[in-house]
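The sequence lines fix the lettering, A, B, ..., with proteins before strands; numbering per chain opens at 1.
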Number of protein chains: 2
Amino acid sequence: MTAPASPSLPTSPPHSCPVTTTVAVIGGKWKAVAIYHLLGGPRRFSDLQRRMPGVTQRMLTLQLRELEADGLVHREVYPQVPPKVEYSLTPLGLTLEPIVRAMLAWGAAYRERDTQSGQSDPDA
Amino acid sequence: MTAPASPSLPTSPPHSCPVTTTVAVIGGKWKAVAIYHLLGGPRRFSDLQRRMPGVTQRMLTLQLRELEADGLVHREVYPQVPPKVEYSLTPLGLTLEPIVRAMLAWGAAYRERDTQSGQSDPDA
DNA sequence: CAGAATCCAAAACGATACTG
DNA sequence: CAGTATCGTTTTGGATTCTG
(Lines give C-alpha, C1' and ligand atoms only; values in the text may rest on other atoms or scores of the structure.)
Protein backbone atom coordinates (compact mmCIF):
# COMPACT_ATOMS: atom_id res chain seq x y z
CA MET A 1 0.00 0.00 0.00
CA THR A 2 2.27 2.75 1.24
CA ALA A 3 -0.30 5.50 0.93
CA PRO A 4 0.86 8.26 -1.42
CA ALA A 5 -0.55 10.82 0.98
CA SER A 6 -3.26 11.45 -1.62
CA PRO A 7 -2.22 14.89 -2.83
CA SER A 8 -5.47 15.74 -4.52
CA LEU A 9 -6.99 12.64 -6.07
CA PRO A 10 -7.70 9.16 -4.77
CA THR A 11 -5.05 6.64 -5.81
CA SER A 12 -7.96 4.26 -5.97
CA PRO A 13 -11.48 4.33 -4.67
CA PRO A 14 -11.86 2.41 -1.40
CA HIS A 15 -10.89 -0.55 -3.54
CA SER A 16 -13.81 -2.87 -3.54
CA CYS A 17 -11.99 -6.03 -4.48
CA PRO A 18 -9.50 -7.77 -2.20
CA VAL A 19 -7.51 -8.72 -5.27
CA THR A 20 -6.86 -5.03 -5.78
CA THR A 21 -5.57 -4.81 -2.24
CA THR A 22 -3.08 -7.57 -2.91
CA VAL A 23 -1.95 -5.97 -6.14
CA ALA A 24 -1.39 -2.72 -4.30
CA VAL A 25 0.86 -4.46 -1.81
CA ILE A 26 2.90 -6.85 -3.94
CA GLY A 27 2.19 -5.36 -7.35
CA GLY A 28 5.54 -3.67 -7.73
CA LYS A 29 7.79 -4.87 -10.49
CA TRP A 30 10.25 -6.50 -8.11
CA LYS A 31 8.27 -7.12 -4.94
CA ALA A 32 7.10 -10.62 -5.69
CA VAL A 33 10.55 -11.73 -6.77
CA ALA A 34 12.15 -10.23 -3.70
CA ILE A 35 9.68 -12.01 -1.48
CA TYR A 36 10.35 -15.20 -3.34
CA HIS A 37 14.04 -15.01 -2.59
CA LEU A 38 13.35 -14.12 1.02
CA LEU A 39 11.36 -17.31 1.37
CA GLY A 40 14.75 -19.01 1.38
CA GLY A 41 15.70 -17.18 4.55
CA PRO A 42 17.24 -13.83 5.50
CA ARG A 43 19.28 -12.24 2.74
CA ARG A 44 21.72 -9.39 2.60
CA PHE A 45 21.06 -6.51 0.27
CA SER A 46 23.84 -7.41 -2.11
CA ASP A 47 22.73 -11.01 -1.96
CA LEU A 48 19.26 -10.12 -3.11
CA GLN A 49 20.61 -7.88 -5.81
CA ARG A 50 22.77 -10.66 -7.15
CA ARG A 51 19.80 -13.00 -7.25
CA MET A 52 17.70 -10.47 -9.11
CA PRO A 53 19.37 -9.70 -12.41
CA GLY A 54 18.15 -6.50 -13.92
CA VAL A 55 17.16 -4.73 -10.74
CA THR A 56 18.99 -1.53 -9.94
CA GLN A 57 20.26 -0.68 -6.50
CA ARG A 58 17.81 2.14 -6.33
CA MET A 59 14.75 0.10 -7.25
CA LEU A 60 15.64 -2.74 -4.92
CA THR A 61 16.01 -0.26 -2.08
CA LEU A 62 12.69 1.41 -2.86
CA GLN A 63 10.74 -1.79 -3.21
CA LEU A 64 12.20 -3.29 -0.06
CA ARG A 65 11.33 -0.14 1.86
CA GLU A 66 7.75 -0.31 0.67
CA LEU A 67 7.50 -3.92 1.68
CA GLU A 68 8.91 -2.94 5.03
CA ALA A 69 6.41 -0.11 5.38
CA ASP A 70 3.60 -2.54 4.66
CA GLY A 71 4.83 -4.88 7.35
CA LEU A 72 5.89 -7.72 5.10
CA VAL A 73 9.62 -7.44 5.42
CA HIS A 74 11.93 -6.83 8.35
CA ARG A 75 15.12 -4.88 7.94
CA GLU A 76 17.94 -5.59 10.33
CA VAL A 77 20.94 -3.28 10.32
CA TYR A 78 24.21 -4.54 11.73
CA PRO A 79 26.31 -1.54 12.81
CA GLN A 80 29.61 -2.72 11.42
CA VAL A 81 32.43 -1.13 9.55
CA PRO A 82 31.42 -2.54 6.22
CA PRO A 83 27.69 -2.04 6.72
CA LYS A 84 25.58 -5.14 6.73
CA VAL A 85 21.83 -5.20 6.31
CA GLU A 86 19.73 -8.29 6.35
CA TYR A 87 16.21 -8.52 5.05
CA SER A 88 13.78 -11.17 6.15
CA LEU A 89 10.08 -11.89 5.96
CA THR A 90 7.85 -10.98 8.86
CA PRO A 91 5.18 -13.46 9.91
CA LEU A 92 2.78 -11.48 7.78
CA GLY A 93 5.16 -11.59 4.86
CA LEU A 94 5.38 -15.32 5.20
CA THR A 95 1.67 -15.60 4.56
CA LEU A 96 2.42 -14.55 1.00
CA GLU A 97 4.13 -17.84 0.33
CA PRO A 98 1.13 -19.51 -1.34
CA ILE A 99 0.80 -16.65 -3.79
CA VAL A 100 4.46 -16.48 -4.65
CA ARG A 101 4.79 -20.23 -5.01
CA ALA A 102 1.78 -20.25 -7.30
CA MET A 103 3.38 -17.50 -9.34
CA LEU A 104 6.60 -19.47 -9.53
CA ALA A 105 4.87 -22.59 -10.74
CA TRP A 106 2.77 -20.74 -13.25
CA GLY A 107 5.67 -18.75 -14.65
CA ALA A 108 7.68 -21.90 -15.14
CA ALA A 109 4.81 -23.63 -16.91
CA TYR A 110 4.10 -20.57 -19.04
CA ARG A 111 7.64 -20.64 -20.36
CA GLU A 112 7.62 -24.32 -21.18
CA ARG A 113 4.55 -23.50 -23.21
CA ASP A 114 6.75 -22.76 -26.21
CA THR A 115 10.26 -23.02 -24.82
CA GLN A 116 10.35 -26.83 -24.64
CA SER A 117 13.35 -26.84 -22.31
CA GLY A 118 11.88 -26.51 -18.85
CA GLN A 119 14.19 -25.38 -16.13
CA SER A 120 13.83 -24.14 -12.58
CA ASP A 121 16.08 -22.32 -10.18
CA PRO A 122 15.81 -24.19 -6.91
CA ASP A 123 18.13 -22.10 -4.79
CA ALA A 124 18.92 -22.53 -1.11
CA MET B 1 4.53 -10.16 -21.77
CA THR B 2 3.74 -8.14 -24.86
CA ALA B 3 7.31 -7.52 -25.94
CA PRO B 4 8.12 -3.80 -26.19
CA ALA B 5 10.10 -4.48 -29.36
CA SER B 6 13.26 -3.70 -27.37
CA PRO B 7 14.36 -0.49 -29.09
CA SER B 8 17.89 -0.50 -27.81
CA LEU B 9 18.00 -1.97 -24.34
CA PRO B 10 16.55 -5.13 -22.83
CA THR B 11 13.37 -4.51 -20.89
CA SER B 12 14.74 -7.17 -18.63
CA PRO B 13 17.56 -9.63 -18.98
CA PRO B 14 16.31 -13.03 -20.09
CA HIS B 15 14.56 -12.94 -16.75
CA SER B 16 16.07 -15.69 -14.71
CA CYS B 17 13.20 -16.17 -12.31
CA PRO B 18 9.83 -17.61 -13.31
CA VAL B 19 8.21 -15.29 -10.78
CA THR B 20 9.40 -12.40 -12.92
CA THR B 21 7.73 -13.99 -15.91
CA THR B 22 4.44 -14.14 -14.06
CA VAL B 23 4.73 -10.56 -12.93
CA ALA B 24 5.37 -9.50 -16.51
CA VAL B 25 2.17 -11.18 -17.62
CA ILE B 26 -0.30 -10.35 -14.86
CA GLY B 27 1.58 -7.53 -13.18
CA GLY B 28 -0.52 -4.78 -14.63
CA LYS B 29 -2.53 -2.68 -12.24
CA TRP B 30 -5.85 -4.16 -13.37
CA LYS B 31 -4.96 -7.48 -14.92
CA ALA B 32 -5.36 -9.66 -11.87
CA VAL B 33 -8.70 -8.09 -10.98
CA ALA B 34 -9.97 -8.46 -14.52
CA ILE B 35 -9.00 -12.11 -14.54
CA TYR B 36 -10.70 -12.56 -11.20
CA HIS B 37 -13.97 -11.27 -12.56
CA LEU B 38 -13.61 -13.38 -15.67
CA LEU B 39 -13.36 -16.46 -13.49
CA GLY B 40 -17.09 -15.99 -13.02
CA GLY B 41 -17.65 -16.51 -16.72
CA PRO B 42 -17.69 -14.37 -19.88
CA ARG B 43 -18.28 -10.71 -19.26
CA ARG B 44 -19.11 -7.80 -21.46
CA PHE B 45 -16.84 -4.80 -21.51
CA SER B 46 -19.26 -2.57 -19.67
CA ASP B 47 -19.92 -5.36 -17.22
CA LEU B 48 -16.26 -5.61 -16.32
CA GLN B 49 -15.97 -1.88 -16.04
CA ARG B 50 -18.87 -1.74 -13.64
CA ARG B 51 -17.28 -4.44 -11.52
CA MET B 52 -13.98 -2.62 -11.39
CA PRO B 53 -14.52 0.76 -9.75
CA GLY B 54 -11.75 3.16 -10.53
CA VAL B 55 -10.66 1.74 -13.85
CA THR B 56 -10.99 3.97 -16.87
CA GLN B 57 -12.31 2.82 -20.19
CA ARG B 58 -8.91 3.32 -21.70
CA MET B 59 -7.01 1.33 -19.13
CA LEU B 60 -9.47 -1.53 -19.16
CA THR B 61 -9.17 -1.72 -22.92
CA LEU B 62 -5.39 -1.64 -22.82
CA GLN B 63 -5.03 -4.25 -20.12
CA LEU B 64 -7.54 -6.57 -21.74
CA ARG B 65 -5.71 -6.28 -25.03
CA GLU B 66 -2.45 -7.20 -23.41
CA LEU B 67 -4.02 -10.18 -21.75
CA GLU B 68 -5.42 -11.14 -25.12
CA ALA B 69 -2.01 -10.76 -26.76
CA ASP B 70 -0.53 -13.03 -24.12
CA GLY B 71 -3.15 -15.65 -24.82
CA LEU B 72 -4.94 -15.46 -21.49
CA VAL B 73 -8.14 -13.83 -22.60
CA HIS B 74 -10.41 -14.34 -25.56
CA ARG B 75 -12.25 -11.45 -27.14
CA GLU B 76 -15.48 -12.20 -28.95
CA VAL B 77 -17.06 -9.45 -30.98
CA TYR B 78 -20.74 -9.69 -31.80
CA PRO B 79 -21.44 -7.67 -34.93
CA GLN B 80 -24.60 -6.01 -33.74
CA VAL B 81 -26.04 -2.57 -33.95
CA PRO B 82 -25.17 -1.68 -30.42
CA PRO B 83 -21.75 -3.35 -30.42
CA LYS B 84 -21.31 -6.17 -27.97
CA VAL B 85 -17.96 -7.59 -26.95
CA GLU B 86 -17.54 -10.45 -24.57
CA TYR B 87 -14.33 -11.31 -22.82
CA SER B 88 -13.58 -14.74 -21.46
CA LEU B 89 -10.64 -16.71 -20.17
CA THR B 90 -8.79 -19.02 -22.49
CA PRO B 91 -7.75 -22.44 -21.16
CA LEU B 92 -4.38 -20.90 -20.45
CA GLY B 93 -5.99 -17.99 -18.67
CA LEU B 94 -7.93 -20.40 -16.53
CA THR B 95 -4.68 -21.83 -15.19
CA LEU B 96 -4.22 -18.52 -13.39
CA GLU B 97 -7.07 -19.33 -11.07
CA PRO B 98 -4.89 -20.61 -8.21
CA ILE B 99 -2.88 -17.41 -8.20
CA VAL B 100 -5.87 -15.11 -8.34
CA ARG B 101 -7.76 -17.03 -5.70
CA ALA B 102 -4.72 -16.90 -3.46
CA MET B 103 -4.52 -13.16 -4.03
CA LEU B 104 -8.20 -12.81 -3.20
CA ALA B 105 -7.85 -14.71 0.04
CA TRP B 106 -4.72 -12.87 1.07
CA GLY B 107 -6.12 -9.45 0.29
CA ALA B 108 -9.21 -10.16 2.34
CA ALA B 109 -7.14 -11.35 5.29
CA TYR B 110 -4.78 -8.41 5.00
CA ARG B 111 -7.66 -6.01 5.38
CA GLU B 112 -9.15 -7.74 8.39
CA ARG B 113 -5.71 -7.30 9.89
CA ASP B 114 -6.81 -3.91 11.23
CA THR B 115 -10.24 -3.39 9.73
CA GLN B 116 -12.08 -5.86 11.98
CA SER B 117 -15.07 -6.03 9.64
CA GLY B 118 -14.23 -8.75 7.16
CA GLN B 119 -16.25 -8.81 3.97
CA SER B 120 -16.02 -10.58 0.64
CA ASP B 121 -17.60 -10.05 -2.72
CA PRO B 122 -18.81 -13.44 -3.84
CA ASP B 123 -20.24 -12.56 -7.22
CA ALA B 124 -21.80 -14.88 -9.79
C1' DC C 1 -21.73 -0.04 -26.59
C1' DA C 2 -17.04 -0.41 -27.11
C1' DG C 3 -13.72 1.44 -28.47
C1' DA C 4 -9.73 4.67 -30.85
C1' DA C 5 -7.23 9.07 -30.72
C1' DT C 6 -5.19 12.85 -28.70
C1' DC C 7 -3.18 15.38 -25.04
C1' DC C 8 -1.14 15.81 -20.80
C1' DA C 9 0.11 14.77 -15.71
C1' DA C 10 2.18 11.70 -12.73
C1' DA C 11 4.55 7.78 -11.47
C1' DA C 12 7.97 4.36 -12.31
C1' DC C 13 12.36 3.42 -13.57
C1' DG C 14 17.48 3.70 -14.99
C1' DA C 15 22.18 5.75 -14.88
C1' DT C 16 25.36 7.97 -12.52
C1' DA C 17 27.69 10.07 -8.76
C1' DC C 18 28.44 10.64 -3.98
C1' DT C 19 28.62 9.01 1.23
C1' DG C 20 28.94 6.92 6.17
C1' DC D 1 28.40 -2.50 1.78
C1' DA D 2 24.33 -0.31 1.45
C1' DG D 3 22.63 3.04 0.63
C1' DT D 4 21.07 8.45 -0.79
C1' DA D 5 20.69 12.25 -4.22
C1' DT D 6 19.88 14.03 -8.56
C1' DC D 7 18.65 13.99 -13.20
C1' DG D 8 16.49 12.44 -17.27
C1' DT D 9 13.81 9.02 -19.65
C1' DT D 10 10.07 5.86 -20.12
C1' DT D 11 5.88 4.14 -18.86
C1' DT D 12 1.49 4.54 -16.94
C1' DG D 13 -2.68 6.50 -16.37
C1' DG D 14 -6.53 9.97 -16.62
C1' DA D 15 -9.66 13.33 -19.05
C1' DT D 16 -11.77 14.30 -22.99
C1' DT D 17 -13.42 13.96 -27.63
C1' DC D 18 -14.84 11.40 -31.58
C1' DT D 19 -16.69 7.14 -34.16
C1' DG D 20 -18.88 2.70 -36.23
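Residues forming a salt bridge (Lys or Arg N to Asp or Glu O under 4.0 Å) with R50(A) (at least two apart in sequence, or on another chain): D47(A). In terms of the side chain to side chain donor-acceptor pair (under 3.5 Å) criterion, residue partners of T95(A) (sequence neighbours excluded) are, by chain and number, W106(B). Applying the side chain to side chain donor-acceptor pair (under 3.5 Å) rule to Q57(A) yields no partners; only residues at least two apart in sequence or on another chain are considered. A search for side chain to side chain contact (heavy atoms under 4.5 Å, CB included) contacts involving R75(B) returns R65(B), E68(B), V77(B), V85(B), Y87(B), not counting sequence neighbours. Residues that satisfy the side chain to side chain donor-acceptor pair (under 3.5 Å) test with T90(B), not counting sequence neighbours, are absent from this structure.
Atom CG of L60(A) and atom C1' of dG14(C) are 14 Å apart (whole Å). When rounded to the nearest whole Å, the span between CD of E68(A) and P of dA2(D) equals 15 Å. When the C1' atom of dG14(C) is taken as reference, atom NZ of K29(A) falls 10 Å away, rounded to whole Å. What separates CG of D47(B) from C1' of dC1(C) is a distance of 13 Å, to the nearest Å. Rounded to a whole Å, the CE atom of M59(B) is 12 Å from the C1' atom of dA11(C). Taking atom CG of L62(B) as the reference point, atom C1' of dG14(D) lies 11 Å away to the nearest angstrom. Straight-line distance from the CD atom of E66(A) to the C1' atom of dA12(C): 10 Å, rounded to whole Å. In this entry the distance linking NZ of K31(B) with C1' of dT12(D) reads 12 Å, nearest Å.
Here M103(A) contributes atom CE and I26(B) contributes atom CD1; the two are 5.0 Å apart, rounded to the nearest 0.5 Å.
A side-chain donor-acceptor contact under 3.5 Å links T22(A) to the backbone of G107(B).
A salt bridge (charged side-chain N to carboxylate O under 4.0 Å, His left out) check over residues 83-102 of chain B, counting only residues at least two apart or in different chains, returns the pairs E97(B)-R101(B).
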Every protein N/O within reach of nucleotides 3-6 of chain D N/O, cut-off under 3.5 Å:
{"from": "dG3(D)", "atom 1": "OP1", "to": "R65(A)", "atom 2": "NH2", "distance (Å)": "2.7"}
{"from": "dG3(D)", "atom 1": "OP1", "to": "R75(A)", "atom 2": "NE", "distance (Å)": "3.3"}
{"from": "dG3(D)", "atom 1": "OP1", "to": "R75(A)", "atom 2": "NH2", "distance (Å)": "2.7"}
{"from": "dG3(D)", "atom 1": "OP2", "to": "Y87(A)", "atom 2": "OH", "distance (Å)": "2.7"}
{"from": "dG3(D)", "atom 1": "N7", "to": "Q57(A)", "atom 2": "OE1", "distance (Å)": "2.8"}
{"from": "dG3(D)", "atom 1": "N7", "to": "Q57(A)", "atom 2": "NE2", "distance (Å)": "2.7"}
{"from": "dG3(D)", "atom 1": "O6", "to": "Q57(A)", "atom 2": "OE1", "distance (Å)": "3.4"}
{"from": "dT4(D)", "atom 1": "OP1", "to": "R65(A)", "atom 2": "NH1", "distance (Å)": "3.0"}

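The side-chain contact (heavy atoms from CB on, under 4.5 Å) test with L67(A) is passed by exactly one of L38(A), V73(A), L89(A): V73(A).
At the phosphate of dC1(D), neither OP1 nor OP2 sits under 4.0 Å from any side-chain N or O atom of R44(A).
Note on the helix from dC1(C)-dG20(D) to dG20(C)-dC1(D): terminal axis deviation equals 50°, with five pairs used at each end and the result rounded to 10°.
For S46(A), the side-chain atoms get nearest to dC1(D) when compared with the rest of dG14(C), dC1(D), dA15(D).
Across all strands, Q63(B) comes closer than 4.0 Å only to sugar-phosphate atoms, never to a base (heavy-atom distances).
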